[in-house]
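Read through the structure below, which is laid out as structure tokens, and then see the notes.
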Number of protein chains: 2
Amino acid sequence: MSKHNISLKDIARKLGVSIPTVSRALNNKPDIGKETKRKVIELAKALNYEPNQFAINFKNQQSYIIGVIIPKIVHHFFSNVISGIITEAEKSGYSVMLFQSNESYESELKSTQTFKRSMIDGLIISLSDNTHNVDHLKNLQDHKIPVVLIDKVTDMMEASKIVCNDYKGAYDATQHLISLGKRNIAHITGARKPTTTKERYRGYKDALIANGLPVKEGLIKYCDLISEDKGYYEMKNLISQDDRPDGIFCATDPTAIGAINAIKDSGLQIPKDIAVIGFSNWNMAYIIDPPLSSVKQPDYEMGEKASALIIEEIQNIRNEQPITFKTHVMETSLIIRESTVGKKDLNSRDVLNYKIIE
Amino acid sequence: MSKHNISLKDIARKLGVSIPTVSRALNNKPDIGKETKRKVIELAKALNYEPNQFAINFKNQQSYIIGVIIPKIVHHFFSNVISGIITEAEKSGYSVMLFQSNESYESELKSTQTFKRSMIDGLIISLSDNTHNVDHLKNLQDHKIPVVLIDKVTDMMEASKIVCNDYKGAYDATQHLISLGKRNIAHITGARKPTTTKERYRGYKDALIANGLPVKEGLIKYCDLISEDKGYYEMKNLISQDDRPDGIFCATDPTAIGAINAIKDSGLQIPKDIAVIGFSNWNMAYIIDPPLSSVKQPDYEMGEKASALIIEEIQNIRNEQPITFKTHVMETSLIIRESTVGKKDLNSRDVLNYKIIE
DNA sequence: GTGAAAGCGCTAACAT
DNA sequence: ATGTTAGCGCTTTCAC
């Protein structure tokens, strides 16, 4: 309708004052006459004045935008992380720009470039499984754009990191199976590269060792692709082995669900013959029959924390304060359902029945 | 490391030429000496020059950012929509800024304000269930920021809209049950407000009518809250009624899953006694036992389309072209699993076994 | 308390 | 083919 958005200049002209005066009035600066201020504010409101943010961002060289790169949005863990990031960012007036790498290094790289166009103030990133080089991230740091790593982190660069205690989560899950009397516990891992996978594997192994149980190579299966199919397949293999396991800890819920189906199809009982526990507590975990015990990650909270951290670093940089990198390790909790303890140890049947052990 | 990012001015000075000359050289403009151009480009590369996007955006009054507001990120349908939006936007060099309304009108309103700070070029929005007023969106349009509505749309404003054919999807689902010989088909709806819910309800009703079946109020249950618990509860009610249904069409998968559990707990057979079909084909649909038949929405494609449309409108506005509003209706497909046809009509047991009917 | 002037980095129009 | 000028909208500095 109006030809152009109205600017300070318009207000100044109509009021017969100068542009800086209008600016001062509208920004609660000192050195402004009470009456002038009133008139300016009044007219601004009447004209529906809105400051041109392009100009302000340009002047401040600041966008109030946080960039986020994650491997996959359609993913229970990550969508919760994002949700936490956005909610926390909004509290401080920051907006979130989202990219997904689809586990591709090239795509991650490209996103980093595109970000430059929007001049993000900081970046939160969960590395793709195929990222073997982090120069693109160091480059951002060199340009005074702070980077916070979340979940899929790396030692190749110095930065603040948010991780959950994958090691302890895996240890607890394995210990849980052992406490139930299981002695021959198998493990299906995730993709080989990510530190998360390695930590879960380490937790599994250490729990066995701590309990004086042998670590058997034959009971450990590698699943680069995280899917029910792969879990089903590997579980079938395990069942057909001479040395059949009596319990299994899967590094992801989807593989655990595949494992459950394989066990059921083989005519074995869960958890009597083989107990199953997964990791991440996907929303499908309690849908499967029997409901799947799992390790819950503090996904949303990790996102919140990452947001708070990046904003802190952004502000420190602006104020020329030194920033110190911190690594935050957040704790998991054990969600116990029927796939490990059976119905007898839980209360009467309910759609959402489980015990939490922190 | 460097005191400041290097600018055209720096290059100009070092080369003893003027700033516009440098600009011309770097932007492939005509009217530039071949040799000068070479030297400029060379130095720019050597100095690692990167244009200041704040300045460019300021000059162009354009951000290359698309705003997206959806009710919930942690949601199978929406996370797929977002994924489609981002992928398509990236192709044209646009970035995506994401907000969630959590089904709150106030939150939606606030996001619209925050967007202004980042000066988005266009907005894609799926309305919250509680949005009863769209002045905030019309306001954007008045500021020449195009708005595209997706999935949760409204008649309160003129804009391009992307919806899926909820009516036909629901009709097909109901017809599917009827074709299986079911005659007393119940329906659990979603929240009352959204047009999507109403369309699904209408599809259900029309399918009954088209087949000469009565529409019975007693078989229709209203579920404002979409949850397994609510589905479980309403299904239990339906089962205890004198007029027990032999099939049920649920407007959402979570309620359908609750319904399945209720039927199983009542000792009835699925699909023999009661067949169940849901809507949206959540990832949990094939996990439940028996696997749930459902109506698949073209979620990712809807996102892609929305992105393409908003970019088209953004560009039309820039070029002072008139924009015409279009409504795109995208078709659903029927995913048939055991909850309606039983095992006999599907191939041998597989984790992911279903038939698709487009 | 207010105005004049300058500048953020870039590009477009005009002049040479 | 290159330089000069001007301006996008805002804020900051310095005079008065």
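Just so we're on the same page: letters track the sequence lines, and every chain starts at 1.
- As rounded to whole Å, 8 Å separates atom P of dG9(D) from atom CG of D10(A).
- Taking a 4.0 Å limit (strictly below) on heavy-atom distances, residues 36-50 of chain A reaches DNA chain C at T36(A).
- Which of dG3(C), dG3(D), dC8(C) sits closest to the side chain of T21(B) comes down to dG3(D).
- Ranked by how close their nearest DNA chain D nucleotide is to the 5' end, S18(B) and I56(A) are led by S18(B).
- Between M119(B) atom CE and dC10(D) atom C1' there is a gap of 14 Å when expressed in whole angstrom units.
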Side-chain donor-acceptor distances from residues 309-319 of chain B under 3.5 Å, at least two apart:
| from | atom 1 | to | atom 2 | distance (Å) |
| --- | --- | --- | --- | --- |
| E312(B) | OE2 | K326(B) | NZ | 2.9 |
| E313(B) | OE2 | S160(B) | OG | 2.7 |
| R318(B) | NH1 | N60(B) | O | 3.2 |
| R318(B) | NH2 | Q61(B) | O | 3.1 |
| N319(B) | ND2 | Q315(B) | O | 3.1 |

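- Qualifying side-chain hydrogen bond (donor to acceptor under 3.5 Å, both in side chains) partners for Y105(B), counting only residues two or more places apart in sequence or in other chains: none.
- For the pair Q62(B) CD and dC8(D) P, the interatomic distance rounds to 18 Å; values are reported in whole Å.
- What separates CD of Q53(A) from C1' of dC10(D) is a distance of 11 Å, to the nearest Å.
- F58(A) and F54(B) have their aromatic ring centers separated by at least 6.0 angstrom.
- Distance, R13(B) CZ to dG3(D) C1': 17 Å, rounded to whole Å.
- For NZ of K161(B), the number of neighbouring non-hydrogen atoms (other residues, nucleotides, ligands) closer than 6.0 Å is greater than 12.
- Proximity of residues 22-32 of chain B to DNA chain D (heavy atom under 4.0 angstrom from any strand atom) is restricted to R24(B), D31(B), I32(B).
- No side-chain N or O of S104(A) forms a donor-acceptor pair with one of S101(A) less than 3.5 Å apart.
- Nearest-nucleotide positions on DNA chain D for G16(B) and K59(B) put G16(B) closer to the 5' end.
- Annotation: K39(A), atom NZ; neighbour count of heavy atoms from other residues, nucleotides and ligands within 6.0 Å does not exceed 12.
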Mind listing the side-chain donor-acceptor pairs of residues 14-26 of chain B below 3.5 Å, one per line with the distance, residues two or more places apart or on another chain?
| from | atom 1 | to | atom 2 | distance (Å) |
| --- | --- | --- | --- | --- |
| S18(B) | OG | T21(B) | OG1 | 3.0 |
| S23(B) | OG | N27(B) | ND2 | 3.4 |

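- With distances taken from any side-chain atom of P20(A) to the nucleotides dC10(D), dA5(C), dG9(C), the minimum falls on dA5(C).
- Contact annotation for S7(B): backbone-only contact, meaning every heavy-atom pair under 4.0 Å involves sugar-phosphate atoms and none involves a base.
- The phosphate of dG7(D) (OP1 or OP2) has no side-chain N or O of K9(A) nearer than 4.0 angstrom.
- Here the P atom of nucleotide dG3(D) and the CG atom of L8(B) are 13 Å apart, to the nearest Å.
- A donor-acceptor contact under 3.5 angstrom links the side chains of T87(B) and Y300(B), judged on distance only.
- The CD1-C1' distance, from I19(A) to dG7(C), rounds to 14 Å in whole Å.
- In this structure, a donor-acceptor pair under 3.5 Å is present between the side chains of S63(B) and D121(B).
- By the 4.5 Å heavy-atom criterion applied to side chains, I70(B) and V68(B) are counted as neighbours.
- Neither side chain, Y64(B) nor T114(A), offers a donor N or O lying under 3.5 Å from an acceptor on the other.
- Among T195(A), T196(A), D129(A), the single residue meeting the side chain to side chain donor-acceptor pair (under 3.5 Å) criterion with K152(A) is D129(A).
- End-to-end axis angle of the helix from dG1(C)-dC16(D) to dT16(C)-dA1(D), from C1' rotation axes over five pairs per end: 50° (rounded to 10 degrees).
- Note: CD (Q61(A)) to P (dG9(C)) measures 6 Å, nearest angstrom.
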